[in-house]
Amino acid sequence: MTRLITLTTLCLMIGSLARAHDGGHGPVVLASVQEARTIGRDVDVILKVTGLDPDHVVRIDGFLVDGAQPAALPAPVAVMFARDAILQTRLRFHDTPPGIFTLAIDFGPDGQGGVVVMPTHAPTDGKDRK
């Protein structure tokens with residue numbers, strides 16, 4: 001019996017999202033990879049983003065990865081305080097996807113932040129194994 005294991009990586013987005021004008025220094029979102037699977041040159045990613053700042057709504061426009069086509073969302077997603085946004089995207093790589101990479105989350109006017117992705121390989125018989 002084969003078991004598919006997905007590693008979850010957490011990343012606190014600070015950097016450009018901290019609002020220096022009002023002294024904000026804490027993270028405004030928490031992003032975690034819920035699942036990432038490689039299928040050929042594609043990597044399907046499910047990402048959970050949680051709002052941490054009660055005074056800031058974060059906009060997510062899409063995702064960028066070196067060596068892959070940019071992945072825009074059909075419409076921007078707003079992440080509010082104490083709310084989760086579950087986002088799915090398919091990344092199309094120009095060559096074989098790497099075993100580990102940084103997924104840049106495009107926060108629109110707030111800049112970008114990254115989360116590490118370590119995809120597993122999907123079963124080749126087309127069935128999920130447990």
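Side chains included, hydrogens not; waters and symmetry mates left out as well; all remaining heavy atoms used.
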Could you walk me through whether Phe81 and Leu52 pass the side-chain contact (heavy atoms from CB on, under 4.5 Å) test, one step at a time? CA-CA 5 Å; Phe81 174 64; Leu52 300 178; 5.6 Å; no

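- The shortest heavy-atom contact between Gly99 and Pro119 is O-CD, 3.4 Å.
- Heavy atoms only, all atoms of each residue included: Leu91 and Ala71 are closest at CD2-CB, 4.0 Å.
- One N or O on the side chain of Arg41 and one on the backbone of Phe93 form a donor-acceptor pair closer than 3.5 Å.
- Hydrophobic cluster membership differs between Val58 and Leu64, with clusters built from Ile, Leu, Val, Met, Phe, Trp and Tyr side chains linked at under 4.5 angstrom.
- Taking every heavy atom of both residues into account, Phe107 and Val29 meet most closely at CZ-CG2, 4.0 Å.
- Taking CD from Gln112 and CG from Asp106, the interatomic distance works out to 5.5 Å, rounded to the nearest 0.5 Å.
- Scanning both residues, Arg83 and Val79, for their nearest heavy atoms gives O-CG1, 4.0 Å.
- Atoms OG1 and CD1, on Thr89 and Ile46 in that order, are 11.0 Å from each other to the nearest 0.5 Å.
- Put simply, CD1 on Ile105 and CG on Asp110 are 12.5 Å apart, with the number rounded to the nearest 0.5 Å.
- In this structure, OG1 in Thr120 is found 6.5 Å from CD in Glu35, a value given to the nearest 0.5 Å.
- Both Val77 and Val45 sit in one connected hydrophobic cluster of ILVMFWY residues. Membership requires side-chain heavy atoms under 4.5 Å apart, directly or through other members.
- When the side chain to side chain contact (heavy atoms under 4.5 Å, CB included) test is applied to Ile100, the partners found at least two apart in sequence or on another chain are Val116, Met118.
- The side-chain heavy atoms of Val33 and Leu47, taken from C-beta on, include a pair separated by under 4.5 Å.
- Closest non-hydrogen pair, Pro97 versus Thr38, comes out as CG-CG2, 3.9 Å.
- Taking both residues in full, the closest heavy atoms of Val115 and Ala31 are given as CG2-O, 4.1 Å, listed atom of the first, atom of the second, then distance.
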